[in-house]
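Dropping a structure here in structure tokens format, bear with me for questions.
Counting starts at 1 for both ligands and their atoms, in listed order.
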Amino acid sequence: MCGIVGYVGEREALPIILKSLKRIEYRGYDSCGILVQDKGKIHVYKSVESIDYLEANISESEYDGKIGIGHTRWATHGAPSKKNAHPHLDGKGEIAVVHNGIIENYQSIKEGLLSNCVFKSETDTEVIPHLIHQTLGKFDQQTFKKSLIKNAAQIKEAVKDALSCLKGSYAIIVAVDGFDGLVAARKESPLVIGVGDRENFIASDVPALLEQTNRIIFLDEGDIAVVKKDSIYIENSGSEVKREERLIEWTIEDAEKGGYEHFMLKEIHEEPRAIIDTLRGYLAEDEINFGVDFKIDTKGKSILMVACGTSYYAALCGKYIIEHQAKVPVQVELASEFNYSDFVLDGMNVVVMAITQSGETADTLMALKKAERYGCKTVAITNVLGSSATRIADKTIYMSAGPEIGVAATKSFVAQLVIFYLLGLFLSKMPASEFVEHLDELKRMPQVAQMVLDEADVNIQNHAGYLSRYEHVFFVGRGVNLPIALEGALKLKEISYIHAEGYAAGELKHGPFALLTEDTPVIAILTSDNTYEKTLGNVKEIKARGSPVIAIAEEDDEEVEKYVDAVIRVPVTSAIFSPIPNIVALHLLAYRTAKERGCEIDKPRNLAKSVTVE
Ligand code: F6R
């Protein structure tokens, strides 16, 4: 949940570490810290403010050094505070560690192996430098100190020794006073190495490094690496391993705001592009191709999707899409519930699909592992190349949404829907003419999304001004647009802090009606399908209770205006494709409302981009 970076080379480390940290500040921003190593001296600076604040309070002349590590924190153990900010050091202040993940057994290590150590923080991480120190202490200190530079092997062994005591997940970078390199290791947390010219970089996320290099090595589960300015040594299970260097084509501009005020707005505007790119990945000359080894024998099989948050709502939408197009039964489970349920997988003829933008969500990874234990075929649907989900699943389908920096998922949701349309058609046995109709409409979706951005936004802005004055809002929809109502509500609540609830339109009368007053606006998705009349009936019931209603309705719907207070118009599509224009409109509505309320849109309070703890 935190972001970590490291640098070793011939340039000053401090500005590079600061820049890299800023790129991944979205991973956690309750405190940050940097260490720079300079000819036998370690300098540490920490802050509970932003990285900008940290930068403004370090004078570059204060330290120079060609090796550095940095951390931006999302607290799990120990409150956000300066003493809990990373890096954490051993008792002598010679070994420093930045860490992303959770050490589950840190308390028993403190009380057992390290019972004679003095700890300065409440974090789980602090046991790591102490454990490394203990092992290094076993080596002959005099020889060790004299030839520290040559002692990469001993330092690596000491790190390995320390890691062997740990239960939990970690991506760590270790700096040792006087050592001319860094040691990095990963278990169930992402970690990459950026390759440079007489310099190398380490980070938890690729965007941290793009300003410096696009030559990236993805470390694998259990890898430990010794990174020096002109060498990278990687080991796994005691033997040296070679990991492929990949060229990442995301430009820095891709990962930056591109002139928009917030990443979220930029990413909403990238929704048409995300659709085009995702289609391009698997659609050529009207043929859908997920790769040679991707076959789902749908006969007698069903699909089980596991996911969290926005990805869960995308999966719910996927259920409607795939069942409609392919007539294959789809079940959707929240990963966090699935992991501890008695869900019967034994003997089930089921393909398990994990839907995860980041590919790093701990609950979703656990669910994938559970499916694997039961011998199910597994598929990861993710946006992040080389992410943990891709390593666990038998097969990966990448959505091509590009880097998503805003904490609130937007374009990745749309890209997930596109994958479901492609999957639905891929698995379908519909007549050729119907297939072509669906495919043609799917190919029209980038324009449809663009029309919402171009034509509906001004109107949405007015409604956002109105909505921003309320504290409770309901979103209602039916069928394939029920998950869209749920996602619309999630987006509004997470970035505007308005209490928002998504509901099946027909369910309000079974309880929530008690909450309806003139102070609880309702956003109603009214798509012209077989649910239209019923939803309109629900809208009338809502109006009768005094709640203002804003409808999301198609351009040619002349009926709706008579019954609601305002309408946000979206282009006409067939019902199964209506989630695309509807969600673009609701993403904009959430963004504009949060902006009206002056909220920190890209970094909503208490949230982080990828949730790597259960
Ligand atoms: C909400 C949001 C989260 C994520 C959830 C799962 O806007 O972004 O609810 O959808 O944390 O993340 P992934 O898709 O990375 O597994």
Item to check | Nearest non-hydrogen protein atom, atom 15 (O) of ligand 1 | outcome: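 For this ligand atom, the closest protein heavy atom is Ser358 OG, 2.6 Å.
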Item to check | Residue, atom name and distance, where the atom is the protein heavy atom closest to atom 13 (P) of ligand 1 | outcome: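 Going atom by atom, the protein heavy atom closest to atom 13 (P) of ligand 1 ends up being Thr361 OG1, 3.2 Å.
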Next on the checklist: Checking the side chain of Asn481 only, and the main-chain atoms of Ile525 only, is there a donor and an acceptor separated by less than 3.5 Å?
Outcome noted: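 No: the side chain of Asn481 does not pair with the backbone of Ile525.
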Item to check | 4.0 Å heavy-atom contact, Lys491 with ligand 1 | outcome: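 Yes, Lys491 has heavy atoms under 4.0 Å from ligand 1.
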Checklist entry - Would Val407 count as a contact of ligand 1 if the rule is a heavy atom under 4.0 Å away? => result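 Judged by the 4.0 Å heavy-atom criterion, Val407 does count as contacting ligand 1.
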Item to check | Residue and atom name of the nearest protein heavy atom (relative to atom 14 (O) of ligand 1), distance in Å to one decimal | outcome: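 For atom 14 (O) of ligand 1, the nearest protein heavy atom comes out as Ser311 OG, 2.5 Å.
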Next on the checklist: Test your reading of the structure: does Thr356 have an N or O sitting under 3.5 Å from an N or O of ligand 1?
Outcome noted: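 Checking ligand 1 against Thr356, an N or O pair does fall under 3.5 Å apart.
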Item to check | Under-4.0 Å salt bridge between Glu221 and Lys187 | outcome: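 The answer is no: the pair does not qualify as a salt bridge.
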Item to check | Parallel, tilted or perpendicular: ring planes of Tyr591 versus His262, cut at 30 and 60 degrees | outcome: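 Ring orientation, 0 to 90° scale: perpendicular.
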Checklist entry - Counting heavy atoms only, which of Thr310, Thr410, Val306 comes nearest to atom 3 (C) of ligand 1? => result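 It is Thr310 whose heavy atom sits nearest to atom 3 (C) of ligand 1.
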Next on the checklist: Judged on heavy-atom distance to atom 8 (O) of ligand 1, which of Ser412, Ala409, Gly309, Pro604 sits nearest?
Outcome noted: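 Minimum heavy-atom distance to atom 8 (O) of ligand 1 goes to Ala409.
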Checklist entry - For ligand 1, which atoms have a heavy atom of Gln357 less than 4.0 angstrom away? => result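 Reading through ligand 1 atom by atom, the close ones are 13 (P), 14 (O), 15 (O), 16 (O).
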Next on the checklist: Once you measure the plane-to-plane angle for Tyr503 and Phe474, does it fall in the parallel (<30°), tilted (30-60°) or perpendicular (>60°) bin?
Outcome noted: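 Geometry flag for Phe474 against Tyr503: perpendicular rings.
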Item to check | Nearest protein heavy atom with distance in Å, relative to atom 7 (O) of ligand 1 | outcome: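 So the nearest neighbour among protein heavy atoms is Glu494 OE2, 2.3 Å.
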Checklist entry - CD1/Ile583 to CD1/Ile484 distance, rounded to the nearest 0.5 angstrom? => result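 CD1 of Ile484 is found 4.5 Å from CD1 of Ile583.
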Item to check | Top protein contact for atom 11 (O) of ligand 1, by heavy-atom distance | outcome: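 Protein heavy atom at minimum distance: Val611 CG2, 3.9 Å.
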Checklist entry - In the protein, what heavy atom is nearest to atom 5 (C) of ligand 1, and what distance, to one decimal place, separates them? => result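 Going by distance alone, atom 5 (C) of ligand 1 is nearest to Cys308 O, 3.7 Å.
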Next on the checklist: Looking only at the aromatic ring of each residue, does the gap between the centers of Phe426 and Tyr282 stay below 6.0 angstrom?
Outcome noted: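 Between Tyr282 and Phe426, the centre distance exceeds or equals 6.0 Å.
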Next on the checklist: Please check this pair: side chain of Thr278 against backbone of Ser400, looking for a donor-acceptor N/O pair closer than 3.5 Å.
Outcome noted: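 The answer is yes, because a donor-acceptor pair under 3.5 Å joins these two groups.
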Checklist entry - Honestly, is Arg605 close enough over Tyr497, meaning NZ or CZ under 6.0 Å from the six-membered ring centre and within 45° of the axis? => result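 Yes.
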